[in-house]
Amino acid sequence: MPIALTREVSPSIGACELTFIERQPIDFDRARTQHSDYEMALYRLGCEVRRLPAEPTLPDSVFIEDTAVVLDEVAILARPGTPTRRPEVPTIGRMLEPVRRVVPINPPGTLEGGDVLVVGKTLYIGPSRRTSANGIEQVRSIVTPLGYTVQAVPFQGCLHLKSAVTRLADGVLLFNPKMVDGKHFEGLDLVEVDPGEPHAANALRTGGGVVFPSTYPETRKRIEAKGIYVEAVDISELLKAEGAVTCCSLIYNN
Ligand code: CIR
């Protein structure tokens, strides 16, 4: 059973970082309810959910995916490109130490988990405001001896690479062609988001299906047309913090 590490929504989420969207008030109680519904969806798809307590002084700490990249052989501790998010990382390191060899990204490199898409033995990494070329090179030197390939994939118009492209199933990706060029994923089956739902490229694959926002019904139809089971979740309050479904958990094999 995969482990899904989550962290409760911080009461300070209203002060979150925002890059591509305008600030709107976030209903904290609603965000908490949506987050626990999301955890239930992970459970239904076969994950064991381990929830960490909220960090009242770290507004973005619910977006735990950005703090690490956990492979079967090693956990890479991220160094977020935005300094406000760096204090989120040490607790995650302590959680992962009993289960993996933990290797940090060191200064001056930066890396956020949202920029790393793992597909089999390939790590696609998006250079971004949050993930530097030096950070990508550090990942390369950690994972190449383990048999992985690292491929830098440029993208535009969104925060992280996984806002533009995510994995739906073995060999199948969901992407927005306006944000990332499909040519980088040769040999894989590519599903495009519905043109009316440009922010719909973030789906979370685990166990027997994908967790996917209920906000994007037309893209959901495209996913289901591939025979993929969808657990739809309402994460509208977390979307206001520029969050998505992948970023609210860190999933790894036991
Ligand atoms: C941030 O700007 O860092 C947060 N407000 C949102 C992070 C979302 N992370 C992700 O999609 N991996």
Side-chain angles (χ1 to χ4, degrees), residues 4-28 31 34-35 38 42 52 54-70 76-89 92 105 110-118 123-132 135-136 139 153 155-167 174-176 179-180 193 198-206 210-213 215-216 233 235-252:
L5 217 53
T6 64
R7 177 138 59 190
E8 273 193 89
V9 181
S10 173
S12 60
I13 189 167
C16 63
E17 295 284 339
L18 291 176
T19 309
F20 285 91
I21 62 173
E22 293 294 314
R23 196 168 297 278
Q24 303 173 57
I26 297 175
D27 182 328
F28 173 57
Q34 291 179 351
H35 185 251
Y38 166 87
L42 289 175
L52 301 177
E55 294 281 356
T57 59
L58 301 175
D60 282 305
S61 48
V62 66
F63 303 126
I64 191 170
E65 157 181 76
D66 293 321
T67 62
V69 177
V70 188
I76 300 168
L77 263 199
R79 183 168 182 272
T82 180
T84 58
R85 299 204 55 193
R86 290 185 193 149
E88 297 174 24
V89 176
I92 305 306
I105 296 296
T110 62
L111 182 89
E112 295 192 4
D115 280 322
V116 183
L117 172 65
V118 181
L123 271 61
Y124 298 99
I125 310 187
S128 69
R129 297 167 192 235
R130 304 292 184 87
T131 293
S132 66
I136 296 174
V139 174
V153 175
F155 66 97
Q156 59 185 10
C158 55
L159 183 60
H160 287 120
L161 178 63
K162 278 190 280 190
S163 326
V165 56
T166 49
R167 194 176 78 90
L174 174 66
F175 84 122
N176 178 337
M179 293 174 171
V180 64
V193 297
H199 301 294
N202 187 274
L204 172 58
R205 174 76 207 195
T206 189
V210 297
V211 182
F212 189 69
T215 326
Y216 307 124
V233 288
I235 56 158
S236 52
E237 294 304 307
L238 299 165
L239 293 175
K240 292 179 189 170
E242 219 163 348
V245 284
T246 60
C247 60
C248 294
S249 56
L250 199 53
I251 298 183
Y252 53 91

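Atoms within a ligand are numbered from 1 in the order they appear, just like the ligands themselves. Hydrogens, waters and symmetry mates play no part in the numbers below; they use all other heavy atoms, side chains included.
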Which N or O atoms of ligand 1 sit under 3.5 Å from a protein N or O, and how far apart is each pair?
from: ligand 1; atom 1: 2 (O); to: E17; atom 2: O; distance (Å): 3.3
from: ligand 1; atom 1: 2 (O); to: R130; atom 2: NH2; distance (Å): 2.8
from: ligand 1; atom 1: 3 (O); to: R85; atom 2: NH1; distance (Å): 2.9
from: ligand 1; atom 1: 3 (O); to: R130; atom 2: NH1; distance (Å): 2.9
from: ligand 1; atom 1: 3 (O); to: R130; atom 2: NH2; distance (Å): 3.4
from: ligand 1; atom 1: 5 (N); to: E17; atom 2: O; distance (Å): 2.7
from: ligand 1; atom 1: 5 (N); to: D60; atom 2: OD1; distance (Å): 2.7
from: ligand 1; atom 1: 5 (N); to: A241; atom 2: O; distance (Å): 2.7
from: ligand 1; atom 1: 9 (N); to: D66; atom 2: OD2; distance (Å): 2.8
from: ligand 1; atom 1: 12 (N); to: E65; atom 2: OE1; distance (Å): 2.9
from: ligand 1; atom 1: 12 (N); to: D66; atom 2: OD1; distance (Å): 2.9
from: ligand 1; atom 1: 12 (N); to: D66; atom 2: OD2; distance (Å): 3.4
from: ligand 1; atom 1: 12 (N); to: H160; atom 2: ND1; distance (Å): 3.4

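- The side chain to side chain contact (heavy atoms under 4.5 Å, CB included) test with N202 is passed by exactly one of T166, V165, L239: T166.
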side-chain hydrogen bond (donor to acceptor under 3.5 Å, both in side chains) between E88 and T67, worked out: CA-CA 7 Å; E88 297 174 24; T67 62; over 6 Å; no

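- S249 approaches Y38 most closely through the heavy-atom pair OG-OH, 2.8 Å.
- Of all heavy-atom pairs between S236 and Q34, the closest is OG-NE2, 2.9 Å.
- Judged by the 6.0 Å and 45° rule, R130 forms no cation-pi pair with F155.
- The shortest heavy-atom contact between D66 and A78 is O-CB, 3.2 Å.
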